[in-house]
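Side chains included, hydrogens not; waters and symmetry mates left out as well; all remaining heavy atoms used.
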Amino acid sequence: MFFSRNEARVKAIAKQENCACTTVYQELIHSPDVDIVCVTTSSGSHARIGLDVLNAGKHLVMEKPIAMNTLDAEELVPRQKNVELQKMRKESISFLREWL
């Protein structure tokens, strides 16, 4: 499943990749077909979305930074440690189709 706030973009990619799509990230994280979520949104939304992903019981891959301040990070990190999920920080790499 693919998410983007841009409806035209999400529909075009979903058609190209023959996959489901949504413009509402909560639909993505609550989908039974999704096991892992890669958060590549703007930095200010990382902590909130990451926490939602973990609370939905999904594995989390997040590009840095995980949060914009220590308060948000202090909420996110213990949540990950209290569940049997994997969290991983994504370094700045390009997702090339042949890598998937």
Side-chain angles (χ1 to χ4, degrees):
M1 178 177 268
F2 182 78
F3 160 79
S4 175
R5 292 175 293 195
N6 181 316
E7 188 172 1
R9 179 171 189 239
V10 77
K11 286 182 178 180
I13 291 174
K15 182 178 180 182
Q16 175 184 326
E17 300 299 327
N18 193 28
C19 67
C21 66
T22 183
T23 56
V24 180
Y25 82 86
Q26 291 88 346
E27 290 179 16
L28 175 106
I29 66 174
H30 293 292
S31 171
D33 296 329
V34 173
D35 296 318
I36 186 169
V37 176
C38 183
V39 178
T40 59
T41 59
S42 58
S43 299
S45 64
H46 287 181
R48 184 188 79 249
I49 294 173
L51 192 58
D52 289 346
V53 169
L54 293 173
N55 287 334
K58 307 298 181 180
H59 299 285
L60 173 63
V61 175
M62 182 184 297
E63 68 181 2
K64 61 182 183 178
I66 65 166
M68 297 301 289
N69 58 62
T70 55
L71 291 175
D72 288 343
E74 287 172 351
E75 184 177 3
L76 181 64
V77 173
R79 174 66 184 133
Q80 181 269 324
K81 290 181 179 178
N82 290 332
V83 294
E84 292 184 19
L85 298 172
Q86 297 297 313
K87 178 189 69 67
M88 180 177 144
R89 187 185 78 210
K90 181 185 90 54
E91 295 296 334
S92 297
I93 62 170
S94 298
F95 285 105
L96 299 177
R97 185 179 187 122
E98 52 270 10
W99 290 1
L100 299 176

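By the side-chain contact (heavy atoms from CB on, under 4.5 Å) test, S45 pairs with T41, S42, R48, I49, sequence neighbours left out. For the side-chain hydrogen bond (donor to acceptor under 3.5 Å, both in side chains) test, no residue two or more places apart in sequence or in another chain qualifies with Q26. Evaluation of the side-chain contact (heavy atoms from CB on, under 4.5 Å) rule for D35 yields no partner, not counting sequence neighbours. Looking at residues two or more places apart in sequence or on another chain, you find a side-chain contact (heavy atoms from CB on, under 4.5 Å) between A73 and I66, A67. Residues forming a salt bridge (Lys or Arg N to Asp or Glu O under 4.0 Å) with E74 (at least two apart in sequence, or on another chain): none. Taking the side-chain contact (heavy atoms from CB on, under 4.5 Å) definition, one finds that N6 meets it with S4, A8, R9, sequence neighbours left out.
Members clustered with V24: none, using a 4.5 Å side-chain heavy-atom cutoff among hydrophobic residues. Grouping Ile, Leu, Val, Met, Phe, Trp and Tyr by side-chain contacts under 4.5 Å, direct or through others, leaves L71 on its own. Using a 4.5 Å cut-off between side-chain heavy atoms of Ile, Leu, Val, Met, Phe, Trp and Tyr, M68 forms no hydrophobic cluster with any other residue.
Note that CD of E75 is 12.0 Å distant from OG1 of T70, once rounded to the nearest 0.5 Å. Taken from CG in D52 to NZ in K58, the straight-line distance is 13.0 Å, to the nearest 0.5 Å. Rounding to the nearest 0.5 Å gives a distance of 6.5 Å between OG of S43 and CD of E63. From I13, atom CD1 reaches atom CZ of F2 across 3.5 Å, with rounding to the nearest 0.5 Å.
Side-chain atoms of L76 and M62, non-hydrogen and from C-beta on, do get closer than 4.5 Å to each other.
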| request: Report the C-alpha distance between T22 and M1 in whole Å, list the side-chain angles of each, state the deciding distance to 0.1 Å, and finish with yes or no for side-chain contact (heavy atoms from CB on, under 4.5 Å). | output: CA-CA 8 Å; T22 183; M1 178 177 268; 4.1 Å; yes

